[in-house]
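The structure under discussion appears below in the form of structure tokens.
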Amino acid sequence: MTSAAAVPDVPLGRFARPLFLLTILTGSFLLFLTQPMVARMALPRLGGAPAVWNSAMLVYQALLLGGYAYAHFLSRLAPRRQAGVHLALFAVAALWLPLGIGRGVLPPDASPAWWALWFLLSSIGPVFFIVSAQAPLMQRWYALDFGRGDPYPLYAASNLGSFAGLLSYPLVVEPLMTLQQQSLLWTGGYALLVLLVGLCALTVPPGAVEEAPLEQDGAPPSRRQLLCWVALAAVPSGLMLSTTTHLTTDIVAMPLLWVVPLGLYLLSFVVAFAERRGLANALTLIAPFVMLIGGGLAFSGGARGPFFMATLGLFLLFTVAVALHTAMYRSRPAAGHLTTFYLAMAVGGMIGGIFCALIAPTVFDWTYEHPLLILAGAVLVPQSPLIPWGARMPKWLAATIILFAFLLSYCADMKPFLWIDTHWALACSILISLLALLFLGRRWLFGLCIAALMLSYGGWRTLDESRHADRSRSYFGVYSISTRSDPPARLLTHGTTLHGVQNLGPSGEIEPTTYYARRSGIGHAMASLEVFHGSAPRVGVVGLGTGTLSCYALPGQDWRFFEIDPAIVTIARDPARFTFLTRCAPQAKIVLGDARLSLSRAAPGSLDLLAIDAFSSDAVPMHLLTREALQVYRRALSPTGILMVHVSNRYLDLEPVLAAAAKRDGWHARLFSYVPTEPEEARNMTASVWIAMAPDPDTLLALQISSGEDAYLWRPLKGRKDFKGWTDDHASILPLLEDWRNWVPDAMKDLR
């Protein structure tokens with residue numbers, strides 16, 4: 001047996017650790033720059049349909065899994081042969097540089113999902129594949145010299161690089177660089193990575209595999225151990241996605257919020273795989289108690305305290321992810337089976353992603369994946385008995401206590417007896433929490449107590465709504481339809497965001513409500529249609545909603561709605577839910593798919609008015625407001641046509657985007673800010689901001705004149721000297737974010 005001291009020294013051996021750290025950091029940084037960069041490149045070409053981006057997610061997951069599998073099988077070769085094969089594949093993948101997408105265009109009759117899959121694979125597949133193999137392969141090379149120590153802490157550096165890439169793209173790279181410049185930057189990073197990999201290869205002792213002591217490899221992991229690793233990786237991966245959905249749907253819709261759960265997920269690896277174990281052990285120890293507080297509120301919305309609920313949900317995600325990843329780290333195999341370990345981790349991550357992104361939206365009518373993943377975490381998280389008697393309790397007594405806990409949870413949430421008020425409900429929930437502490441260390445019983453606690457805080461009511469309420473779900477979110485009596489109205493809610501209201505009085509069912517009131521900007525635009533286009537104008541609307549705008553339709557007019565979500569079409573067309581379409585414009589045509597792609601195929605000059613109403617506070621489809629998108633709209637409009645863009649937004653100021661476009665491309669533009677009176681608010685009218693744009697200045701003059709006593713509310717757009725607008729090559733929402741200091745007071749108001 002050859003000792004570690006007998007391994008031949010190599011010129012770069014003394015610099016091995018910092019060199020491998022830098023290599024792993026660089027590869028992971030590039031990997032997390034690739035996904036958002038390619039998404040920005042492909043968005044105008046592929047559109048925003050969820051089927052497209054679910055396919056993209058599958059591409060990324062499959063390539064990442066393929067990279068880990070490649071690293072696993074490559075590790076079976078001799079060290080220098082590994083280096084030769086890997087560097088050769090780096091050279092082959094370089095043929096796909098600079099990073100970009102192909103020139104293909106989606107055919108009208110092609111399936112977007114399948115076309116996107118092959119489009120992305122052929123555009124970035126080889127490059128993404130070879131870079132994704134860096135983390136496990138470099139750790140394996142590092143471990144080939146057995147005098148270097150434990151290679152697993154290097155995975156903390158990998159995720160630190162991923163975290164840096166995640167933050168740098170929306171905060172630095174996207175705001176400061178065009179896509180072409182980003183691609184050149186990425187190409188330079190790729191060249192640096194190849195150089196670093198080559199230097200790492202020089203540090204690997206040539207005969208390490210043949211001469212290494214067999215005990216270093218240890219026994220191969222069992223099937224049970226492999227499944228355990230898969231489960232420990234799948235739950236945090238899925239919980240990261242479910243937390244993102246839960247926050248943006250049920251608590252608070254805020255731009256760039258998706259970055260926070262993903263960033264915490266990556267940081268959990270940094271903590272769990274770090275050489276210093278203090279923080280990882282401490283968070284693992286408190287994880288069950290955090291789950292009692294945060295996990296118990298999994299069914300609770302953020303109406304009463306969104307800031308607190310969002311913070312609690314994020315802390316829960318981070319703590320559980322650290323605890324489960326720490327459990328993986330504690331059960332890691334010997335270095336000889338390192339790539340098997342990471343391959344199982346990649347499989348688990350893919351399973352968690354597929355469950356949340358593809359399966360859950362089609363199976364559940366609410367975000368049930370979030371509490372389910374918390375329960376899975378409660379069963380898997382490391383825990384020790386707190387009360388010895390609870391660990392020795394007979395099974396029949398434990399089963400009786402669990403049934404009692406569920407009975408308490410039903411009473412706390414549904415309040416079946418008149419004497420159960422808020423204080424009694426709180427007492428029931430506290431008692432369930434104490435029972436959970438009793439069973440700490442008995443994983444399944446602890447998980448059942450967490451389930452009872454969840455149900456006590458809104459869970460039973462949520463389940464009951466799935467049985468009786470009118471609720472549906474698509475890849476875009478959860479839609480709920482409800483009614484209220486004062487004043488009588490039917491509401492469409494997307495998570496916690498109101499998306500449409502129809503008055504139910506005899507004279508109110510066809511009255512335009514919310515952002516589309518008759519005195520709003522779009523209301524005045526609809527009233528002025530006959531000035532230029534007679535009795536048969538052609539109207540296009542991007543964003544169907546409940547179909548409220550169809551109330552402006554008159555006999556003989558040609559109306560077309562462009563809608564990306566089939567679930568919304570089903571809701572708007574159902575007269576048992578909303579009657580705007582059936583009563584006002586039953587002849588209206590609905591074009592399903594991404595609006596920009598659909599309008600690019602429309603005949604030139606085929607619309608006299610085009611309303612763009614596809615923006616929300618948490619997700620702004622930038623490709624609908626770039627210079628190229630506005631050129632598509634201008635082509636579709638008649639010479640005297642008008643473009644109406646709805647820019648009401650709590651967090652983003654979109655006025656500079658259109659001001660820059662108007663100045664650059666010769667549009668004439670005006671902004672109308674509508675604030676309803678108290679009687680109008682009583683009829684469900686809400687404040688709105690609309691921007692009117694037209695190639696012909698006379699069109700806007702006619703619009704302003706026809707607005708009557710509201711004419712003075714039309715004003716020129718205000719641009720910014722340092723803002724040049726959006727193009728397909730360069731766009732960022734960061735310069736448009738309203739002062740973030742205004743967000744926190746709004747959120748804190750709900751805590752009082």
### Task
State whether the side chain of Arg670 and the backbone N or O of Leu701 hold a donor-acceptor pair below 3.5 Å, judged by distance alone.
no
List the atom pairs, with distances to 0.1 Å, where a side-chain N or O of residues 543-557 and a protein N or O form a donor-acceptor pair under 3.5 Å, not counting sequence neighbours.
from, atom 1, to, atom 2, distance (Å)
Thr546, OG1, Thr548, OG1, 2.8
Ser550, OG, Gly547, O, 2.5
Ser550, OG, Phe580, O, 3.3
Tyr552, OH, Tyr516, O, 2.6
Tyr552, OH, Ala517, O, 3.2
Tyr552, OH, Arg518, N, 3.3
Gln557, OE1, Leu554, N, 3.1
Gln557, OE1, Trp559, NE1, 2.9

### Query
Who passes side-chain contact (heavy atoms from CB on, under 4.5 Å) against Glu511, sequence neighbours left out?
Asn503, Arg683, Met685
### Message
When you measure from the side chain of Arg720 to the backbone of Pro735, do you find a donor-acceptor pair of N or O atoms at a distance under 3.5 Å?
### Response
yes
### Heavy atoms from other residues, nucleotides or ligands near CD1 of Ile510 exceed 12 (cutoff 6.0 Å)
no
### Minimum heavy-atom distance between Met693 and Ala669, given as atom pair plus value
CG-CB, 3.9 Å
### Query
Parallel, tilted or perpendicular for His499 and His494, by the 30°/60° rule?
perpendicular
### Task
Take Val542 and Asp613, measure what side chain to side chain contact (heavy atoms under 4.5 Å, CB included) needs, and give me the verdict at the end.
CA-CA 6 Å; Val542 175; Asp613 182 32; over 6 Å; no
### Query
Is any NZ, NE, NH1 or NH2 atom of the basic residue among Arg596 and Asp728 found under 4.0 Å from an Asp or Glu carboxylate oxygen of the other?
yes
### Message
Any donor-acceptor pair under 3.5 Å linking the side-chain atoms of Asp565 with those of Tyr479?
### Response
yes
#### Entry: Neighbour count >12 (heavy atoms, 6.0 Å) for atom CD, Gln180
no
### Rounded distance (nearest 0.5 Å) linking atom CG of Asp653 with atom CD1 of Ile733
12.5 Å
## Note on the structure
Across all chains, not counting sequence neighbours, the side-chain contact (heavy atoms from CB on, under 4.5 Å) partners of Lys589 are Arg560, Val591
### Message
Between Asp365 and Arg473, does any NZ, NE, NH1 or NH2 come within less than 4.0 Å of an OD or OE carboxylate oxygen?
### Response
no
### Summary
Nearest heavy-atom contact between Leu597 and Pro44 is CD2-O, 3.6 Å
### Query
Between Tyr368 and Phe299, what is the shortest heavy-atom contact and its length?
CE2-CE2, 3.7 Å
### Cation over ring face, Arg634 and Trp667, 6.0 Å, 45°
yes
### Message
Name the residue from Val541, Leu643, Leu637, Ile642 that meets the side-chain contact (heavy atoms from CB on, under 4.5 Å) definition with Leu609.
### Response
Ile642
### Distance in Å, Gln704 CD paired with Leu700 CG, rounded so as to fall on 0.5 Å steps
8.5 Å
### Query
Would you say His533's side chain and Leu529's backbone share a donor-acceptor pair under 3.5 angstrom?
no
### Query
Strictly by modelled atom types, are His370 and Ser242 linked by a side-chain donor-acceptor pair under 3.5 Å?
yes
### Non-hydrogen atoms of Arg577 and Ile571 that approach each other most closely
NH1-CG1, 3.5 Å
### Query
So does Tyr515 have more than 12 non-hydrogen atoms from other groups sitting under 6.0 Å from OH?
no
### Query
Would the number of heavy atoms belonging to other residues, nucleotides or ligands and lying under 6.0 Å from CZ of Arg715 be above 12?
yes
### Query
Between the side chain of Tyr633 and the main-chain N/O of Leu624, is any donor-acceptor distance below 3.5 Å?
yes
### Message
Whether the side chain of Thr570 engages the backbone of Pro566 through a donor-acceptor N/O pair (distance < 3.5 Å, no angle test) should be reported.
### Response
yes
List, one per line, each side-chain donor-acceptor pair under 3.5 Å for residues 671-679, sequence neighbours excluded.
from, atom 1, to, atom 2, distance (Å)
Tyr674, OH, Glu680, OE1, 3.0
Thr677, OG1, Glu680, N, 3.4
Thr677, OG1, Glu680, OE1, 3.4

### Message
I want to check something: taking the side chain as every heavy atom from C-beta on, are Leu592 and Val569 in contact at a cut-off of under 4.5 Å?
### Response
yes
### Message
Looking only at the side chains, is there a donor atom on one of Ser707 and Trp714 sitting less than 3.5 Å from an acceptor on the other?
### Response
yes
### Message
When you measure from the side chain of Glu174 to the backbone of Ser732, do you find a donor-acceptor pair of N or O atoms at a distance under 3.5 Å?
### Response
no
### Query
Using a distance-only test with no angle check, is there a side-chain donor-acceptor pair under 3.5 angstrom linking Arg635 and Ser606?
no
### Message
To the closest 0.5 Å, what do you measure between CZ (Arg538) and CG (Asp608)?
### Response
4.0 Å
### Query
Is it true that a side-chain atom of His623 and a backbone atom of Thr727 form a donor plus acceptor pair closer than 3.5 Å?
no
### Task
Please list, chain by chain and in numerical order, all residues satisfying side chain to side chain donor-acceptor pair (under 3.5 Å) with Asp710, sequence neighbours excluded.
Arg519, His524
### Task
Compare all side-chain heavy atoms of Arg40 with those of Tyr169 and state whether any distance is below 4.5 angstrom.
yes
### Message
Rounded to the nearest 0.5 Å, what separates atom CG in Leu630 from atom CG in Leu658?
### Response
6.5 Å
### Task
Please confirm whether the backbone N or O of Ala525 pairs with a side-chain atom of Trp690, one donor and one acceptor, at under 3.5 Å?
no
### Task
Under the side-chain contact (heavy atoms from CB on, under 4.5 Å) rule, collect the residues that match up with Thr579, sequence neighbours excluded.
Gln502, Glu509, Pro575, Thr582, Arg583
### Message
Under a 3.5 Å cutoff, is there a donor and acceptor pairing between the side chains of Asp696 and Thr640?
### Response
no
### Task
Please tell me if the side chains of Ile590 and Leu581 come closer than 4.5 Å, counting only heavy atoms from C-beta onward.
yes
### Summary
Heavy-atom closest pair (Pro695 atom, His668 atom, distance to 0.1 Å) is O-CD2, 3.3 Å
### Task
Starting at CG of Asn684, measure out to CG of Leu491 and round the result to the nearest 0.5 Å.
7.0 Å
### Query
Could you state the interatomic distance from OG1 (Thr243) to CG (Leu241), rounded to the nearest 0.5 Å?
8.5 Å
### Message
Under a 3.5 Å distance rule, please check whether Ser638 uses its side chain to pair with a backbone N or O of Gly641 as donor and acceptor.
### Response
yes
### Query
For the residue pair Pro261 and Leu314, what are the closest heavy atoms and their distance?
CG-CD2, 3.8 Å
